Amino acid sequence: VERTEGDILEVMLKNLQVVDEAPEASELYTLTPDFKTDTGRYETTISYTDRTVSLIATAESERHTIILSVDGGAPTTLQSGEAKEIVLDGFYASETAAIPVSITVTAEEGRSGTYYVTIRRGPRSDGEARLAELETAPNNLNDLPFDREVAKQTVTMTRNQSEITV
């Protein structure tokens, strides 16, 4: 007998979703690979500017318990099929943040299965927040026109300059 690749899930979820919480969005983020009850590891990439998402885990039975843990934090009990807000603390500390989430579903007799979702921060270019304009004095962005799509701007100062106004 050979063990197959991947996790062995004794108890499975019926469905698992990650939802964009932005009022104007209300869309599902794509899980990779697509959700299958017997697949235990997923990734999703969310918008660069999102600070929260909702996770919806639906158990196969109403009698199953679902426990969620975000980034190794304290476990939280979920109600099957209800959205649970996940605050993405630490996302803004890194350009390439990734936060691990574990979802354990347990049957009454103690059998369980654990699903893992890695929530990744999308590229800055996917974010919607942009400066409308940026001016500096006395030097102005090395005499280049301001480009709102460029995240890093450079201003060269002379050796004798002690301050700059942004």
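Values below: all heavy atoms of this structure, side chains included; hydrogens, waters and symmetry mates excluded. Note that this is a predicted model, so its numbers are computed, not measured.
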Please give me the minimum heavy-atom distance between [X] and [Y], naming the atom from each residue.
X: G72; Y: S69; value: C-OG, 3.8 Å
X: T58; Y: G81; value: OG1-CA, 3.5 Å
X: A59; Y: S80; value: N-OG, 2.8 Å
X: T45; Y: R121; value: CG2-C, 4.1 Å
X: T39; Y: P33; value: CG2-CG, 4.0 Å

Inset, instruction - Please say which of T76, L13, T77 ends up in a side-chain contact (heavy atoms from CB on, under 4.5 Å) with I66. - result: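 With I66 as partner, T76, L13, T77 yield a single side-chain contact (heavy atoms from CB on, under 4.5 Å), made by L13.
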Legend entry - Given L55, V117, V19, T44, the one that forms side-chain contact (heavy atoms from CB on, under 4.5 Å) with Y29: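 Running side-chain contact (heavy atoms from CB on, under 4.5 Å) over L55, V117, V19, T44 with Y29 returns exactly one hit, T44.
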Inset, instruction - With sequence neighbours excluded, tell me which residues meet side chain to side chain donor-acceptor pair (under 3.5 Å) with E82. - result: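 If we apply the side chain to side chain donor-acceptor pair (under 3.5 Å) test to E82, skipping adjacent residues, there are no hits.
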Inset, instruction - For the pair I46 and D20, evaluate side chain to side chain contact (heavy atoms under 4.5 Å, CB included) and give the outcome as yes or no after the intermediate values. - result: CA-CA 8 Å; I46 67 167; D20 186 347; over 6 Å; no
Legend entry - Of all pairs that satisfy salt bridge (Lys or Arg N to Asp or Glu O under 4.0 Å), the ones with a partner from residues 59-71, not counting sequence neighbours: R63-E108
Quick one: do [X] and [Y] end up in the same hydrophobic cluster if we chain Ile, Leu, Val, Met, Phe, Trp and Tyr together by side-chain heavy atoms under 4.5 Å apart?
X: L31; Y: V70; answer: yes
X: V87; Y: V53; answer: no
X: L16; Y: M12; answer: yes
X: I86; Y: I67; answer: no

Rounded distance (nearest 0.5 Å) linking atom [atom1] of [X] with atom [atom2] of [Y]:
X: F35; Y: T30; atom1: CZ; atom2: OG1; answer: 14.5 Å
X: T106; Y: E10; atom1: OG1; atom2: CD; answer: 10.0 Å
X: L88; Y: D50; atom1: CG; atom2: CG; answer: 7.5 Å

Legend entry - Check: T37 main-chain N/O paired with Y115 side-chain donor or acceptor under 3.5 Å: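 Indeed, once roles are kept as given, a pair shorter than 3.5 Å links the two residues.
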Legend entry - Check: T52 side chain, E85 main-chain N or O, donor-acceptor pair, under 3.5 Å: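 Absent.
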Inset, instruction - Could you pull out all residues at least two apart from E109 that satisfy salt bridge (charged side-chain N to carboxylate O under 4.0 Å, His left out)? - result: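 Applying salt bridge (charged side-chain N to carboxylate O under 4.0 Å, His left out) to E109 gives R111.
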Legend entry - Q79, CD: over 12 other non-hydrogen atoms inside 6.0 angstrom: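 Atom CD in Q79 is not crowded, with 12 or fewer foreign heavy atoms closer than 6.0 Å.
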